[in-house]
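Some notes on the structure that comes next.
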Amino acid sequence: MNTVNLGCIADDFTGACDLANNLVAGGMRVLLLTGVPTRALAFATQESSLTVPFDAVVVALKSRTTSPKDAAVQSLAALRWLQAQGARQIYLKYCSTFDSTAQGNIGPVCDALMDALETDFTIATPAFPDNKRTVFKGHLFVGDTLLSESGMQNHPLTPMGDANLVRVLQAQTRRLVGLVDYAAVARGADTVRERIKDLKAQGVGIAIVDAISNDDLMRLGLSLKDMPLVTGGSGVAIGLPQNFGITPSEKASFLPKAEGLQAVVSGSCSLATNAQVQAFVAAGLPGLAIDPLRMTSGENAVHEALAWAAPLLQNGPVLVYSTAESTAIKKVQSRLGVEQSGAWVERTLAAIAKGLVQLGVRQLIVAGGETSGACVQALGIPQMQIGPQIAPGVPWCHAFSDSMPLHIALKSGNFGGDDFFTDAFKMLA
Ligand code: ADP
């Protein structure tokens, strides 16, 4: 009988991988589910011959930019399912840059989960020092700059123009938002507990917590032992396995042996992914650009890409990408429309990913959050077992796509160094 210690709800797919990766680093064996399953965990795992007992389950949703109401409905469905599997603590995961609109969805989902769990207090911190996200005096820093000057102020869907998270969250929730500041976090779990007691007495329901290092998060973790709901980026998760008597172990990231052909599909247009695509091509490896302006028919684009890849795959990894710099993207968007071009690219890349797997690819990297969601759906992957970390926030996973075993890595746009793609395949070998 599997005991799920920690039940997690993530607001997007790559974010779910990021969270799972940190739990695995802490020694937990983690199963990631794409969407809320209709059946109990025991059946879901049996079907994919997953016999390992899991310490944590992460339900990946696509709720970051839907309406607050829809995000709450999806999150509550995930909560009910996790509770039915016996989850002892619930973790809500959102982006480490606190991606949200003025209406949500972080605040509304916190409210809905707190109501359902009948709990009067939770924390909220996106701190993830391994990826240079730190919180100090309630302000979120990305590297050395405030969130509001990090480029995130220009995000097309969730522009973050204020780095003061107490203020940002207060605009989204009916609960009073407070701060557990660095002075308390630095002193340790007992002081954090005292501070939480004071805040509760003042009527605070959700507290942003400062943290600038992994040591801070480990100390914070101890103080969260009995909290029914914890919310944060993936960073807070590193301090939770210790509360269940679990310590880091290589066994947690054990995956079946990787076999088969290798490919990368990239729809992310972030600075990091642009550099990764350039590095792959500069290393003399084969890359094919998909240009929505040149190929208006998605079917033709898929056909062309697969015909191009088929003879090359035997020699090593291939890359199919729509990744481009912002001026090129703007040109596409002004001609075809923002939503239409995005949807076209996602559909096309997802069909290419599926075709590549049919050609024998069993080691697949997908770059881009939305792109990953589309590919996972097209590949019909209901669940993934989480393996070793390639770069902070990105693990290799093992899944079954239409009954075929597949190693897959879902990379959030901004994660990973320049040689991420080649490093990832070397690591599996
Ligand atoms: P990231 O994780 O970097 O944000 P996503 O996959 O989430 O990456 O988002 C990238 C978005 O940009 C997707 O909707 C994708 O379809 C779209 N896109 C990618 N390439 C192009 C392109 N060449 N022209 C227009 N839109 C594109």
Side-chain angles (χ1 to χ4, degrees), residues 10-18 34 60-66 94-100 131 133 142 150-160 233-234 264-278 287-298 301-302 304-305 319-353 364-379 390-394 408-418 420-421:
D11 70 354
D12 84 342
F13 280 49
T14 46
C17 287
D18 172 12
T34 56
L61 302 177
K62 220 169 175 300
S63 57
R64 183 171 299 167
T65 52
T66 58
Y94 35 78
C95 191
S96 64
T97 39
F98 217 69
D99 295 18
S100 47
N131 263 339
R133 272 64 158 163
V142 177
S150 68
M152 275 304 293
Q153 70 274 25
N154 300 320
H155 192 283
L157 301 176
T158 51
M160 300 303 294
S234 65
V264 185
V265 170
S266 176
S268 159
C269 299
S270 70
L271 291 178
T273 309
N274 267 288
Q276 288 154 1
V277 166
Q278 272 179 23
L288 178 76
I290 299 289
D291 178 356
L293 290 183
R294 190 171 67 81
M295 305 181 223
T296 42
S297 151
V302 176
E304 185 182 314
L319 161 70
V320 181
Y321 63 98
S322 66
T323 304
E325 281 163 3
S326 60
T327 40
I329 300 298
K330 285 203 179 99
K331 207 164 133 192
V332 175
Q333 289 176 333
S334 69
R335 287 249 205 108
L336 305 178
V338 176
E339 270 182 33
Q340 289 87 334
S341 58
W344 185 92
V345 171
E346 283 171 37
R347 252 194 337 267
T348 305
L349 290 180
I352 291 170
L364 178 71
I365 300 171
V366 184
E370 295 299 322
T371 312
S372 291
C375 288
V376 164
Q377 253 165 8
L379 288 166
I390 307 164
V394 201
I408 185 165
L410 307 178
K411 188 193 83 78
S412 168
N414 278 314
F415 286 176
D418 288 1
F420 177 88
F421 299 148

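What you see below is based on every heavy atom in this structure, not just the backbone, and it leaves out hydrogens, waters and symmetry mates. Counting convention: from 1, in listed order, for ligands and their atoms alike.
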Verdict with supporting geometry, Leu293 and Leu336, side chain to side chain contact (heavy atoms under 4.5 Å, CB included): CA-CA 8 Å; Leu293 290 183; Leu336 305 178; 4.2 Å; yes

Once side chain to side chain contact (heavy atoms under 4.5 Å, CB included) is applied, do any residues pair with Val265, and if so which ones, sequence neighbours excluded?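 With neighbours one apart ignored, the set is Leu349, Ala353, Leu356, Leu364, Cys375.
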
Is there any side-chain hydrogen bond (donor to acceptor under 3.5 Å, both in side chains) pair reaching into residues 265-276, and which pairs are they, with sequence neighbours excluded?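 The answer is Ser266-Thr323, Ser268-Ser270, Ser268-Thr273, Ser270-Thr273, Thr273-Lys411, Gln276-Lys411.
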
Just to be sure I understand the cut-off, which residues have at least one non-hydrogen atom under 4.0 angstrom from an atom of ligand 1?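 Its neighbours under 4.0 Å (heavy atoms only) are Gly267, Ser268, Cys269, Ser270, Pro292, Ser322, Ile329, Val332, Ser341, Gly342, Val345, Glu346, Gly368, Gly369, Glu370, Thr371, Gly413, given by chain and number.
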
If you look only at pairs with a residue in residues 366-375, which of them pass as a salt bridge (Lys or Arg N to Asp or Glu O under 4.0 Å), with sequence neighbours excluded?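 Found Lys62-Glu370.
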
Between Gln153 (side chain only) and Gly151 (backbone N and O only), is there a donor and an acceptor less than 3.5 Å apart?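 Yes, Gln153 side chain to Gly151 backbone: donor-acceptor pair under 3.5 Å.
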
Considering all heavy atoms of both residues, which atom of Ile352 and which atom of Val302 are nearest to each other, and what is their separation?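 Closest approach of Ile352 to Val302: CG1-CA, 3.9 Å.
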
